[in-house]
**Q** 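Quick one: structure below, then a few questions.
A note on names: the letters A, B, ... follow the listed sequences, proteins ahead of strands, and every chain is numbered from 1. When reading the values below, keep in mind they use all heavy atoms of this one structure, side chains included, and skip hydrogens, waters and symmetry mates.
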There are 2 protein chains.
Amino acid sequence: MNIKGLAQALGLSIGTVSRALNDKPDVSEATRKRVLDAAVKLGYSANASGRSLRRGRTQTVAVVLETGQADVRAGDAFFMRIIDAMQDTLAAHGYDLIILPSNSSGDPTAFLKRIMARGMADAIVITATLADDPRLKLLMSGHVPFLSFGRTQTTRDYAWVDLDFEGFLWRAMQALADLGHRDIAITVPPNNSNIAVILRETYEACCAQLGLPHDPDLVQVAEHSEFGGAAVVRSLLARPHPPTALVLNYEMMAFGAYSALRDAGLAPGRDLSLITLRRSRQLRFLEPVVAACDIDVEGLGRTLATETLRVIHAQHPSAAIRWPTPLTLTSSVGPPR
Amino acid sequence: MNIKGLAQALGLSIGTVSRALNDKPDVSEATRKRVLDAAVKLGYSANASGRSLRRGRTQTVAVVLETGQADVRAGDAFFMRIIDAMQDTLAAHGYDLIILPSNSSGDPTAFLKRIMARGMADAIVITATLADDPRLKLLMSGHVPFLSFGRTQTTRDYAWVDLDFEGFLWRAMQALADLGHRDIAITVPPNNSNIAVILRETYEACCAQLGLPHDPDLVQVAEHSEFGGAAVVRSLLARPHPPTALVLNYEMMAFGAYSALRDAGLAPGRDLSLITLRRSRQLRFLEPVVAACDIDVEGLGRTLATETLRVIHAQHPSAAIRWPTPLTLTSSVGPPR
DNA sequence: CTGTTAGCGCTTTCAC
DNA sequence: GTGAAAGCGCTAACAG
């Protein structure tokens, strides 16, 4: 069923039908109602290609997910919850949300280039940003509005929303220092993720500010998984003078960390204070409850959606939002032994 | 840059350029090369709307993911790995893959109806099928080729690919019975998922075949999470005569089950034999290693892709594929106490 | 208030 | 081997 068929069924011209469907003025209320009813009854929805071609826009927001990235495969599917919330807001503004999986075997930049050139979306949201991310240069040189969920080091003048990693690490380090910890280890992601850069810089600043020794060996590159958490804890415990606290950048590492501590006959909070970035549902399963940030995931999704709408409408100033990472301390944190 | 611009830049007509780009005959090799080179240099990709409108197809496969469903949020993002593999195969055949998140606050059937009517994809893959799923009726009454990842009870005459739940439960029950277990509990999903129906029926058949008592109380409805696994184990242990084995339908439940056993001072394999459906990377973290199926996830993704291509090309017979669930026994399974 | 028509970018006949 | 032109479904400008 296309608009021509609908018009014929109603004995109207396609122009009138189109205007009725699109809430344009100059259509009598009676006609509008008749058209809308018929559209529902006959199951008519405007063909996406025809409409997009004519309008020059798709009413679609594309979220590019790196399906090869560990982040995307995270615990309770952080991204799925974000997208669920984004979609709510976008739908309320007449936009569809599609996810474009950027295949692990392909080149992310070439993928993005193709999306942009083909005009598949009115705005693109990218994720899993790298410290030096060629996608940003590409996006900035093009004409497709975009939002970056995550920052990069190379450019600064674009709309982004990111977790407040700095605030998280500051609060964690401050709380630990207040309890008397001096040797505090942190984990950073293994790849060239921008998060690693942020955490390293913040760590250095924290140490300077709090008067702690800045031992580069306390910054541990860890695999983004339970295994990474376990490996880091084992490696730290093997030292002559292990640190007394550990801040994890990825929640699933906490499982590994707890497990490695238990294997060594040690207890979180008592023998090693542990803090992790994001509280996921699964984390609640750990005993004692691990100190973590209670991030408003739905709010984050809604914010990503409204900021996307802003870049579409070229509203200024563009986003530069660090999403709150409020830390809740628990008994996984205690004074140093 | 559109085809008109590209043609002008080359001093050719748009017709010739189009034919060159689409590998049509009646274009000289020299011209073809010139066009292809210019397209790359100028970053030209055919506008998706224009091409789809003219061709009447989008060269796109849409996977509808229920973002509200717990399944989608599973452990190591099972779905993301499947989609990653699907995309590889589809891309090799000139198709794009898009994910359409079906919002938790919307009506899945209405969502699907809209996608179908708008012609957003040449084929639709649905997931998270229910025992009685209205989406199937809708899809079968429409003209969009589709593949169901999961079965339903209501209709049988459509292309589907699903995990071999029956084979899994048979092998698990057989192995347990061989060891002397007679009271074997299983979990089933809490909603009206089709998996629950399959597991219940298979369980009954297994009990009859293996000469085991068929106690309905041994079929436990469990929440799709670690918490569900813990709750079931606690509930079973509280009985006067607890079962000696438990088969879980979702891998994350194993964490909860192990935890609840440990809390009770009991050990998996010794006090309660445990088998779970799918081995995920995270599971390897449990001690002892839990008995589970080593599913070829990438192969499953490739199969979903090739079956999707089959329905697009209306090749027969249509799929009815139970994807292998090869069970690996470990020391989480032992003789009954 | 409604009908007619041009044209979005592209592919595919049909001429030459 | 190439160019001209029609038309996919739709919206928007214009006529009436």
**Q** Does A:Y44 place a side-chain N or O at less than 4.0 Å from the phosphate oxygens OP1/OP2 of D:dC10?
**A**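 Looking at the OP1 and OP2 atoms of D:dC10, one of them is under 4.0 Å from a side-chain N or O of A:Y44.
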
**Q** Pick base, sugar-phosphate or nothing for B:S52, based on heavy-atom distances below 4.0 Å to the nucleic acid.
**A**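 Since no nucleic acid heavy atom lies under 4.0 Å of B:S52, the category is nothing.
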
**Q** What is the distance, rounded to the nearest whole Å, between atom CD of A:Q8 and atom P of C:dG3?
**A**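 So the two atoms are 13 Å apart, to the nearest Å.
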
**Q** With no hydrogens and no angle check, just 3.5 Å: does a side-chain donor-acceptor pair link A:S13 and A:T16?
**A**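 The answer is yes; a qualifying pair exists.
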
**Q** Scan A:N2 against the nucleic acid and name what it touches under 4.0 Å (heavy atoms): base, sugar-phosphate only, or nothing.
**A** sugar-phosphate

**Q** Find the distance A:I3:CD1 to C:dG3:P and express it as a whole number of Å.
**A**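 Going from CD1 in A:I3 over to P in C:dG3 covers 12 Å.
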
**Q** Can you check the B:K33 NZ to D:dG1 P distance for me, whole Å?
**A** 17 Å

**Q** Could you list, one pair per line, each protein nitrogen or oxygen that sits under 3.5 Å from a nitrogen or oxygen of nucleotides 12-14 of chain D, together with the distance?
**A**
from, atom 1, to, atom 2, distance (Å)
D:dA12, OP2, A:K24, NZ, 3.2
D:dA12, O4', A:R54, NH2, 3.4

**Q** Rounded to whole Å, how long is the line connecting atom CG of B:D26 with atom P of C:dT13?
**A**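 B:D26 atom CG is separated from C:dT13 atom P by 12 Å.
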
**Q** Counting only side-chain nitrogens and oxygens, does A:S49 get under 4.0 Å of the OP1 or OP2 atom of D:dC8?
**A**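 Looking at the OP1 and OP2 atoms of D:dC8, neither is under 4.0 Å from any side-chain N or O of A:S49.
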
**Q** Could you state the CG-P distance from B:L53 to C:dG7, rounded to the nearest angstrom?
**A** 16 Å

**Q** If I take atom CG in residue A:L6 and atom C1' in nucleotide D:dG9, what distance separates them, rounded to the nearest angstrom?
**A**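 One finds 13 Å between C1' of D:dG9 and CG of A:L6, rounded.
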
**Q** OP1 or OP2 of C:dC1 less than 4.0 angstrom from a side-chain nitrogen or oxygen of A:T31, does that happen here?
**A**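 Checking A:T31 against C:dC1: no side-chain N or O falls below 4.0 Å of OP1 or OP2.
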
**Q** For B:S28 and B:G50, take the nucleotide of DNA chain D holding the closest heavy atom to each; which residue's nucleotide lies nearer the 5' end?
**A** B:S28

**Q** Starting at atom NZ of B:K4, determine the distance to atom P of C:dG7, rounded to an integer number of angstrom.
**A** 10 Å

**Q** Is any side-chain N or O of A:R51 closer than 4.0 Å to OP1 or OP2 of D:dG9?
**A** no

**Q** Just the rounded figure in Å: distance from P of D:dG1 to CD of B:E29.
**A** 9 Å

**Q** Under 3.5 Å, is there a donor-acceptor pair between the A:D133 and A:T152 side chains?
**A** no

